[in-house]
Structures are given as C-alpha cells and as structure tokens.
Amino acid sequence: QVQLVESGGGLVQPGGSLRLSCDASGFTLDYTAIGWFRQAPGKEREGVSCITNGAGSTYYADSVKGRFTISRDNAKNTVYLQMNSLKLEDTAVYYCAIVRRGWGPLNPLTPGLYDYWGQGTQVTVSS
C-alpha cells in the first residue's frame, strides 16, 4: 500500500527557511512524478512543485520560482522541498502526492492528476 509521510513543517518568520520531507513507501508501481501541493484556509489546493521519476525534471509554480527547490534521494525514497525567503502567503498545509500517469498537455501541477496523497504538514510564516 502506498504511503506518503510529510515532515518538516513548523513556524518560521518571514524571510526564513524550512525544508520539508516526503517519505514514500509501499509501492512498486511505476510513477511519473512526486509533487508538493499546498492549501491555505479558505483556498483551493494548489501545486507548488514536482519532480519526475527517471530524468528528475522539475516544475515550479510561478509564486515559488527562485525561492523553493525540489530534490530527491532515490536511495531513501524521499523527496524534499527546500523553502527559502518564506513569505506570509506561503502559510498553508503542504502535501506531497504521486502521479502514476503522464499529464499530456495539462499542467503537471494540477492536483486532480495525482493518485496518492500524504496527510500534510503545516507551515506557518508569521512575525
């Protein structure tokens, strides 16, 4: 059974940094990518970043480009999200998820494409 466990969230001041981890286990199936998403209170879930299996291609939402970096450690089945220069508007619950199939012409950060989800970790940016 596929299991995704996020960790690393917390409270940080504006301008600070956090590194989120997504530990994946229980799957032997092929997948296309692992992504990070976030959902703030009263808002829809939005894609933040994803990294593809194999080539390790990365995609970022415009709102986080230049501030967030996604990476992976294949030996540990872990995907990381390094978040720098955090802003108040980055406050949200952050989720990781796996997409099994490709996305064709769609945006790879479309939440509805993803098949398996973790429980989320809270990130709060506040002074």
Do you know the tightest heavy-atom contact between R67 and L86?
NH1-CA, 3.8 Å
Tell me the closest heavy-atom pair linking K65 and Y60, and the distance in Å.
CE-O, 3.4 Å
Of all heavy-atom pairs between T32 and G102, which one has the smallest distance, and what is that distance?
OG1-N, 3.4 Å
Shared hydrophobic cluster for Y94 and L109 (ILVMFWY, side-chain gaps under 4.5 Å):
no
Which residues share a side-chain contact (heavy atoms from CB on, under 4.5 Å) with S7, sequence neighbours left out:
S21
Hydrophobic clusters here meaning ILVMFWY residues chained together by side-chain heavy-atom distances under 4.5 Å, can you tell me if Y80 and L4 are in one?
no
CA sep, side-chain torsions, deciding dist, call: S49, L81, side chain to side chain contact (heavy atoms under 4.5 Å, CB included)
CA-CA 8 Å; S49 181; L81 186 67; 4.2 Å; yes
Just verifying a value: how many Å separate N53 CG and R72 CZ, rounded to the nearest 0.5 Å?
6.0 Å
Salt bridge present between D115 and R101 (N-O < 4.0 angstrom):
yes
Taking the hydrophobic residues Ile, Leu, Val, Met, Phe, Trp and Tyr, and joining any pair whose side-chain heavy atoms are under 4.5 Å apart, which ones share a cluster with F37?
Y59, V93, Y95, V99, W103, L106, L113, Y114, W117
Distance check, rounded to the nearest 0.5 Å: S127 atom OG versus L88 atom CG?
6.5 Å
Keeping the roles fixed (side chain from S126, backbone from T124), state whether a donor-acceptor pair exists under 3.5 Å.
no
Okay, side chain of Q39, backbone of A92: is any donor-acceptor separation there less than 3.5 Å?
no
How close do G35 and C50 get, counting heavy atoms only, and between which atoms?
CA-CB, 3.6 Å
Using side chain to side chain contact (heavy atoms under 4.5 Å, CB included), reason through L20 and M83 one step at a time and then give a plain yes or no.
CA-CA 8 Å; L20 305 183; M83 306 187 297; 3.8 Å; yes
Would you say CD of Q122 has more than 12 non-hydrogen atoms from neighbouring residues, nucleotides or ligands within 6.0 angstrom?
yes
Distance-minimising heavy-atom pair for G47 and A61
O-CB, 3.4 Å
Check: S57 main-chain N/O paired with T52 side-chain donor or acceptor under 3.5 Å
yes
Should the heavy atoms of other residues, nucleotides or ligands under 6.0 Å from CD of E44 be counted, would the total exceed 12?
no
Provide the closest heavy-atom pair for I70 versus I34 in the form atom of the first, atom of the second, distance.
CD1-O, 4.0 Å
Report, one line per pair, each donor and acceptor closer than 3.5 Å where one atom sits in a side chain of residues 8-18; sequence neighbours left out.
unit_1 : atom_1 : unit_2 : atom_2 : d
S17    : OG     : N84    : OD1    : 2.9

Give a yes or no answer on whether the side chain of Q3 reaches the backbone of G26 with a donor-acceptor pair at less than 3.5 Å.
no
Would R38 and D90 count as a side chain to side chain contact (heavy atoms under 4.5 Å, CB included) here? Give the steps.
CA-CA 9 Å; R38 65 187 182 187; D90 294 319; 2.8 Å; yes
